[in-house]
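Report on the following structure.
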Amino acid sequence: MGQDARKDALNNRHAELEERLEHEATRPIPDTSAVTTLKRQKLRIKDEIHRMEAR
């Protein structure tokens with residue numbers, strides 16, 4: 001997988017996590033554990049994207 005393809009895949013995954021996070025936040029009683037997990041996953045992906053851009 002080329003670097004551009006990997007970056008696109010990470011951006012897509014980041015967007016998917018954002019959608020899931022928004023969905024969870026709109027629930028009457030959001031699952032705080034799920035919200036925390038989703039935020040951590042998004043942060044890891046964002047950090048990886050930034051490392052790829054720095055190269």
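Position 1 is the first residue of the sequence, and the numbers go up from there.
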Shortest non-hydrogen separation from P30 to A25 and the atoms involved: CG-O, 4.0 Å
Check whether any side-chain heavy atom of L38 lies under 4.5 Å from a side-chain heavy atom of K42, and answer yes or no. no
With E53 via side-chain contact (heavy atoms from CB on, under 4.5 Å) - residues at least two apart: K7, I49, H50
Measure the shortest side-chain to side-chain distance between K39 and L17 over non-hydrogen atoms and say whether it is less than 4.5 angstrom. no
Between Q3 (side chain) and M52 (backbone), is there a donor-acceptor pair under 3.5 Å? yes
Should E48 and R44 count as side-chain neighbours, where that means a heavy-atom distance under 4.5 Å? no
Flag yes if more than 12 heavy atoms outside D47 fall under 6.0 Å of its CG atom; otherwise flag no. yes
Enter the distance from E24:CD to T26:OG1 here, rounded to the nearest 0.5 Å. 8.0 Å
Gap between atom CD of E18 and atom CZ of R13 - 0.5 Å precision: 12.5 Å
